[in-house]
Every structure is written in structure tokens, then in C-alpha cells.
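Note: hydrogens, waters and symmetry copies are ignored here, and every other heavy atom, side chains too, is used.
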Amino acid sequence: MENRYFRSIENSAKGTEFPLDTLLAELSFNRDGLLPVIAQDHVSREVLMMAWMNREALEHTLASGNITYWSRSRAQLWRKGETSGNHQRLLKLRIDCDGDTLLCDVEQVGPACHTGRSNCFYLSVDRHKNSVTLDGE
């Protein structure tokens with residue numbers, strides 16, 4: 001669904017600044033109050049994982065600089081690395097053109113995936129062979 005606010009600013013000049021509070025208020029959270037978030041390594045540009053944030057998780061992340069997600073399975077805030085020690089430090093937050101997805105450039109400490117892999121995308125689909133291969137370390 002089109003977000004009119006984000007549509008209204010898409011042709012603004014490069015470098016135009018907008019108040020953070022305004023953009024946060026205009027984000028398009030889903031019916032569960034969540035936004036998908038992609039975490040990407042700031043150096044390698046490797047996509048590390050996808051998770052969810054609610055408004056509170058986003059506010060914690062912006063205030064602390066440490067990534068906080070919303071755990072759908074536990075229905076609670078989840079500070080990345082809280083138990084594993086594999087933290088993500090926010091370096092840059094990007095909002096997509098519709099205001100419904102976030103991209104976090106992060107400094108990843110340790111593996112991003114709970115499996116111990118560097119990222120969560122280690123299963124590769126080969127549509128021609130109709131198979132899936134386990135990649136990654």
C-alpha cells in the first residue's frame with residue numbers, strides 16, 4: 001500500500017533533511033505493529049539476517065545504537081547478542097521508499113545466525129534441479 005508521506009518526499013533534492021520524529025511517525029507498520037528489518041554488514045555488504053522491529057524496538061535501537069528486535073516467538077524485545085554475545089551495533093539506518101522496510105548497516109560481533117553461521121541465508125535453491133543446497137560455513 002502506498003504511503004502518501006513517503007511518496008510526497010521522493011522527489012526532494014539529494015541532501016534534503018527531514019525531522020526524524022516525522023518520518024518515524026509515518027512508518028507503515030503491519031497490522032501486528034511490526035516492520036521487517038534487514039541487517040547488512042557495513043564493510044562486506046553481506047546480508048546477515050532479517051528480523052522484525054516494533055516501535056519500541058526501533059526506539060531502543062536509535063537511543064542505544066545497539067540493535068533491538070521484536071521476537072515474534074517470545075513476544076518480547078530481543079536485544080541482538082543479549083545471550084549469545086553476538087551483538088550488532090547500528091552504524092546507519094535506512095528507510096525504504098514506501099516506509100515499510102528498514103535496512104540496518106551494522107557492525108556485527110560474532111556470527112549473525114543462531115546456527116553459528118555468519119548469516120542466516122545459507123540455503124541456496126536451485127530451481128533447475130528442484131533442490132536446495134546448504135552453503136556457507
Side-chain angles (χ1 to χ4, degrees):
M1 187 161 120
E2 182 180 313
N3 181 311
R4 288 183 184 178
Y5 177 78
F6 283 89
R7 179 78 178 199
S8 74
I9 65 172
E10 68 185 24
N11 291 317
S12 299
K14 183 176 180 177
T16 302
E17 293 186 6
F18 303 94
L20 179 59
D21 291 347
T22 301
L23 264 71
L24 296 180
E26 295 294 336
L27 290 174
S28 297
F29 291 87
N30 70 16
R31 67 176 167 263
D32 296 322
L34 302 173
L35 282 173
V37 181
I38 300 163
Q40 181 177 37
D41 184 274
H42 76 104
V43 174
S44 69
R45 311 313 292 158
E46 175 183 21
V47 174
L48 302 173
M49 60 182 285
M50 182 273 176
W52 299 91
M53 282 187 187
N54 62 7
R55 186 171 303 282
E56 186 179 5
L58 180 54
E59 289 169 356
H60 277 266
T61 297
L62 291 172
S64 70
N66 296 307
I67 302 288
T68 301
Y69 296 111
W70 176 256
S71 170
R72 294 180 304 160
S73 61
R74 295 187 307 259
Q76 65 183 37
L77 292 176
W78 156 43
R79 195 172 128 240
K80 181 69 175 156
E82 195 166 42
T83 56
S84 68
N86 301 325
H87 299 276
Q88 291 176 342
R89 179 101 178 118
L90 179 66
L91 298 178
K92 183 179 255 184
L93 176 69
R94 299 171 192 258
I95 303 169
D96 84 325
C97 58
D98 296 318
D100 63 2
T101 304
L102 303 177
L103 174 62
C104 293
D105 287 343
V106 302
E107 177 182 37
Q108 177 70 46
V109 176
C113 186
H114 74 280
T115 65
R117 292 176 174 86
S118 65
N119 72 69
C120 296
F121 298 96
Y122 58 88
L123 297 171
S124 293
V125 176
D126 185 327
R127 65 182 184 88
H128 300 292
K129 289 183 178 179
N130 202 25
S131 67
V132 179
T133 303
L134 192 131
D135 292 335
E137 66 284 356

Handout entry: Polar side-chain atom of N119 near backbone of A112 as donor-acceptor pair, under 3.5 Å
Key = no
Fill in the blank from the handout: Rounding to 0.5 Å, atoms CZ (R127) and OG (S124) come to a distance of 14.0 Å
Exercise for the section: Flag yes if V43 and M49 sit in one hydrophobic cluster, no otherwise; membership is Ile, Leu, Val, Met, Phe, Trp, Tyr, and two members link when side-chain heavy atoms are under 4.5 Å apart. Expected result: no
Handout entry: salt bridge (charged side-chain N to carboxylate O under 4.0 Å, His left out) partner of D105, the single match among R45, R89, K92
Key = R45
Handout entry: W78 vs T68 side-chain heavy atoms within contact, under 4.5 Å
Key = no
Practice task
Assess whether side chain to side chain contact (heavy atoms under 4.5 Å, CB included) is satisfied between L102 and L58, documenting all intermediate values.
Solution key: CA-CA 10 Å; L102 303 177; L58 180 54; 4.0 Å; yes
Exercise for the section: For residues V106 and L48, determine if any side-chain heavy atom of one lies less than 4.5 Å from a side-chain heavy atom of the other. Expected result: yes
Exercise for the section: List for me each residue that meets side chain to side chain contact (heavy atoms under 4.5 Å, CB included) alongside P36, sequence neighbours excluded, and say none if there are none. Expected result: M50, W52, T101
Completion exercise
Rounded to the nearest 0.5 angstrom, the CZ-CD1 distance for R4 and I9 is 15.5 Å
Completion exercise
Closest non-hydrogen contact found for F29 with N54 is CE2-C, 3.8 Å
Problem - Shared hydrophobic cluster, V125 / Y122 (ILVMFWY, side-chain heavy atoms < 4.5 Å) - result: yes
Handout entry: Candidate pair Q88 and C104, rule side chain to side chain contact (heavy atoms under 4.5 Å, CB included), full reasoning
Key = CA-CA 9 Å; Q88 291 176 342; C104 293; over 6 Å; no
Exercise for the section: Report yes or no: do L90 and L103 belong to one cluster of Ile/Leu/Val/Met/Phe/Trp/Tyr joined by side chain heavy-atom distances under 4.5 Å? Expected result: no
Exercise for the section: Give a yes-or-no answer on whether the side chains of S131 and D126 include a donor-acceptor pair shorter than 3.5 Å. Expected result: no
Handout entry: Joint cluster assignment, Y69 & L93, ILVMFWY side-chain distance < 4.5 Å
Key = yes
Exercise for the section: Over all heavy atoms of both residues, which pair between S12 and F18 is shortest? Give the atoms and the distance, please. Expected result: OG-CZ, 3.5 Å
Problem - 4.5 Å side-chain heavy-atom contact, N86 and Q108 - result: yes
Handout entry: Heavy-atom check, side chain of L123 versus side chain of L134, under 4.5 Å
Key = yes
Handout entry: Enclosure of N130 CG (heavy-atom neighbours >12, cutoff 6.0 Å)
Key = no
Exercise for the section: Flag yes if V37 and V109 sit in one hydrophobic cluster, no otherwise; membership is Ile, Leu, Val, Met, Phe, Trp, Tyr, and two members link when side-chain heavy atoms are under 4.5 Å apart. Expected result: no
Handout entry: Note, H60 side chain near L77 side chain (heavy atom, < 4.5 Å)
Key = yes
Practice task
Using a 4.5 Å cut-off on heavy atoms from C-beta on, say whether the side chain of L34 contacts that of R72.
Solution key: yes
Handout entry: Minimum side-chain heavy-atom gap I67-M53 below 4.5 Å
Key = yes
Exercise for the section: Kindly indicate, with the supporting measurements, whether the criterion side chain to side chain contact (heavy atoms under 4.5 Å, CB included) is fulfilled by L35 and N30. Expected result: CA-CA 6 Å; L35 282 173; N30 70 16; over 6 Å; no
Practice task
For the residue pair D98 and F6, establish whether any side-chain heavy-atom pair is separated by less than 4.5 Å.
Solution key: no
Practice task
In sequence, state the C-alpha distance, the side-chain angles, and the governing distance for E82 and H87, and then conclude on side chain to side chain contact (heavy atoms under 4.5 Å, CB included).
Solution key: CA-CA 7 Å; E82 195 166 42; H87 299 276; 5.8 Å; no
Completion exercise
All heavy atoms of P111 vs all of G116, minimum pair found to be CB-O, 3.4 Å
